[in-house]
Asks: 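Take this structure first; my questions come after.
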There are 2 protein chains.
Amino acid sequence: MSSNKVQHILNYFEDYWPIEETTAQLLKNSVIFRELKRKEFILKQGEKCNYIYFVVKGVLKLFHTDDNGNQHNLQFATEKLWLTDFGSLYNDTPSELYIQALEPTSILQIKKKDLFVLYDNSPLFDRNMRIVTENAFIEQQNRLLQTISSTAIERYQYFLNKYPDLSNRISNVQIASYLGVTPEFLSSIRKKTVNT
Amino acid sequence: MSSNKVQHILNYFEDYWPIEETTAQLLKNSVIFRELKRKEFILKQGEKCNYIYFVVKGVLKLFHTDDNGNQHNLQFATEKLWLTDFGSLYNDTPSELYIQALEPTSILQIKKKDLFVLYDNSPLFDRNMRIVTENAFIEQQNRLLQTISSTAIERYQYFLNKYPDLSNRISNVQIASYLGVTPEFLSSIRKKTVNT
DNA sequence: CGTTTTTCTTAAACTATCTTATTGTTTTAA
DNA sequence: TTAAAACAATAAGATAGTTTAAGAAAAACG
């Protein structure tokens with residue numbers, strides 16, 4: 001069942017460092033395919049994150065809930081993107097974060113233990129994951145820069161330009177939480193920018 | 001001259017995956033030791049970033065300058081931290097960022113070409129750099145969360161707690177630029193929090 | 001040492017963003 | 001298909017953060 005789904009990850013690696021046949025086999029045996037309902041959680045605050053996830057179809061959101069119960073979206077992951085709580089995964093600490101599906105979503109998941117076996121058996125796999133992390137770092141750095149240097153209007157327009165597809169798939173509440181503003185304020189921004 | 005300085009990096013790797021003797025030799029031949037004056041630049045906007053840097057002593061700041069000439073600090077790097085513009089380094093694109101010394105600073109630098117040779121010759125080196133990037137990602141993610149979810153006062157207090165040493169080494173102008181507020185507003189925050 | 005540059009503070013007016021509350025609309029789930 | 005829940009829009013008053021300008025303090029540097 002999940003054995004053919006691993007092809008999604010192999011295709012992904014084709015753009016970087018295609019892995020050896022033996023590693024592909026190892027991966028095939030480690031990967032688990034899973035279908036999530038809308039709103040289903042795969043990680044909750046307080047749990048240890050034991051998996052790294054790869055989105056085949058759908059959207060995941062990674063978010064934090066603060067003391068007042070407000071949600072703050074750290075990341076969305078759509079098709080062909082990786083997602084995990086690295087901090088919890090590697091340091092074996094309880095996660096402060098949630099991961100939830102925003103649509104019915106299909107994912108591939110690799111257990112921490114299996115991930116480490118893959119690292120140890122395949123330098124190419126290890127390298128691919130270095131590149132995955134580097135790319136995530138670069139993107140996050142751009143966003144951080146935006147966040148400390150731009151106004152909410154600019155951030156919203158940047159988001160629309162950068163993720164035109166995602167913008168139409170998720171609600172404005174989710175976008176507001178990602179931009180770091182209230183839904184009401186995003187609404188007022190939208191009103192202003194439409195009339196330009 | 002620089003041959004003994006490489007020990008700083010070898011010590012760093014001791015905490016993760018100590019590299020083989022042959023790789024250490026390779027590294028020794030690649031690494032260049034460099035002493036920077038206060039305010040000296042090692043990367044400027046428009047240039048390609050050709051190096052990855054490791055701070056032996058001192059402080060570097062990575063920042064962006066916007067259209068109005070305002071600086072925004074993305075990262076500080078003190079002793080035993082790595083710094084580069086990954087985007088420019090890996091994609092061969094002109095950098096949007098500056099790297100500048102805030103104090104007289106000693107660094108080790110590895111040229112892109114040599115870095116890639118190291119990756120190819122030593123899976124352990126490659127893995128160490130994966131971990132370096134993962135740690136940087138985690139830290140940056142925490143900061144991003146703070147930035148979209150907390151008030152400037154909270155961010156300032158968090159900064160003081162997390163980097164007590166750095167707080168005393170750099171000016172409030174630099175801290176304000178890191179927090180994403182004006183120096184004037186940081187000053188008013190300081191006034192409020194001192195009197196608590 | 002003295003001079004120059006940078007940094008820190010203050011305050012007032014201004015702008016961005018938040019809070020709360022109300023209403024109508026769309027989506028979801030039974 | 002309908003009741004419940006989530007979403008979107010709007011507005012008014014409150015708070016957070018900026019701008020500008022000026023003077024005092026501290027640090028850098030020859």
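Naming: A, B, ... by sequence-line order, numbering from 1 per chain.
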Asks: OP1, OP2 of D:dA28 versus side-chain N and O of B:Lys39: anything below 4.0 Å?
Replies: no

Asks: Would you kindly give the NZ-to-C1' distance between A:Lys192 and D:dT10, to the nearest whole Å?
Replies: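 Between C1' of D:dT10 and NZ of A:Lys192: 13 Å.
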
Asks: Select one nucleotide: of D:dG17, D:dA6, D:dC7, the one nearest the side-chain heavy atoms of A:Val173.
Replies: D:dC7

Asks: The side chain of B:Ser187 lies closest to which of these nucleotides: C:dT17, D:dC7, C:dT9?
Replies: C:dT9

Asks: Any salt bridge between B:Asp15 and B:Lys80, counting N to O under 4.0 Å?
Replies: no

Asks: To the nearest angstrom, how far is A:Asn168 atom CG from C:dT27 atom C1'?
Replies: 17 Å

Asks: Let me know the distance between CZ of B:Phe185 and C1' of C:dT17, rounded to the nearest Å.
Replies: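 So the CZ-C1' distance, B:Phe185 to C:dT17, works out to 12 Å.
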
Asks: Could you tell me whether B:Thr182 contacts a base, only the sugar-phosphate backbone, or nothing, with contacts defined as non-hydrogen atoms closer than 4.0 Å?
Replies: base

Asks: I need the OH-P distance between A:Tyr156 and C:dT17, as an integer number of Å.
Replies: 15 Å

Asks: Counting the atoms with a prime plus P, OP1 and OP2 as sugar-phosphate, which does A:Thr151 contact under 4.0 Å by heavy atoms, base, sugar-phosphate, or nothing?
Replies: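 Result for A:Thr151 = sugar-phosphate.
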
Asks: Does B:Lys44 make a cation-pi contact with B:Phe41, if we ask for NZ or CZ under 6.0 Å from the ring centre and within 45° of the axis?
Replies: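 Judged by the rule (NZ or CZ under 6.0 Å from the ring centre, within 45° of its axis), B:Lys44 counts as positioned above B:Phe41.
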
Asks: Can A:Arg169 and A:Glu79 be counted as an ion pair, charged N to O under 4.0 angstrom?
Replies: yes

Asks: Select one nucleotide: of D:dT10, D:dT18, D:dT20, the one nearest the side-chain heavy atoms of A:Lys191.
Replies: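 The answer is D:dT10.
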
Asks: If each of B:Arg38 and B:Ser150 is mapped to the nucleotide of DNA chain D with the nearest heavy atom, which maps nearer the 5' terminus, i.e. the 5' end?
Replies: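 Whichever sits nearer the 5' end wins; that is B:Ser150.
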
Asks: Can you check the B:Leu179 CG to D:dT18 P distance for me, whole Å?
Replies: 10 Å

Asks: Regarding A:Lys37, tell me which of base, sugar-phosphate or nothing describes its non-hydrogen contacts under 4.0 Å with the strands shown.
Replies: nothing

Asks: Judged by each residue's nearest nucleotide on DNA chain C, which is more toward the 5′ side, B:Gln174 or A:Leu186?
Replies: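 That would be B:Gln174.
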
Asks: What is the distance from CG of B:Asn70 to P of D:dG17, rounded to the nearest Å?
Replies: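 The distance from CG of B:Asn70 to P of D:dG17 comes to 17 Å, rounded to the nearest Å.
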
Asks: Starting from P on C:dT17, measure out to CD1 on A:Ile148 and report it in whole angstrom.
Replies: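 Going from A:Ile148 (CD1) to C:dT17 (P), I get 15 Å.
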
Asks: So, is B:Asn172 close to the C:dC8 phosphate, meaning a side-chain N or O under 4.0 Å from OP1 or OP2?
Replies: yes

Asks: I want to check something: taking the side chain as every heavy atom from C-beta on, are B:Asn172 and B:Ile175 in contact at a cut-off of under 4.5 Å?
Replies: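 Sidechains of B:Ile175 and B:Asn172: in contact.
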
Asks: Between C1' on D:dA27 and CD on B:Glu103, what's the gap in Å once rounded to a whole number?
Replies: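 Atom-to-atom, B:Glu103 to D:dA27, this comes out as 13 Å.
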
Asks: Hey, is the main chain of B:Trp17 close enough, under 3.5 Å, to the side chain of B:Asn128 for a donor-acceptor pair?
Replies: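 Between the backbone of B:Trp17 and the side chain of B:Asn128 there is a qualifying donor-acceptor contact (under 3.5 Å).
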
Asks: Looking at the side chain of B:Glu184, which of C:dT10, D:dA8, C:dT17 is the nearest nucleotide?
Replies: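 Shortest atom-to-atom distance from the side chain points to C:dT10.
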
Asks: So, OP1 or OP2 of D:dA8: does either fall under 4.0 Å of a side-chain N or O from A:Arg190?
Replies: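 False: A:Arg190 side-chain N/O out of range (4.0 Å or more) of D:dA8 OP1/OP2.
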
Asks: Choose from C:dT20, C:dT28, D:dA8 the nucleotide whose nearest atom is closest to any side-chain atom of A:Ser171.
Replies: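 Minimum distance to the A:Ser171 side chain belongs to D:dA8.
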
Asks: Could you tell me whether A:Glu139 and A:Arg143 make a salt bridge, using a distance below 4.0 angstrom between a side-chain N and a carboxylate O?
Replies: no

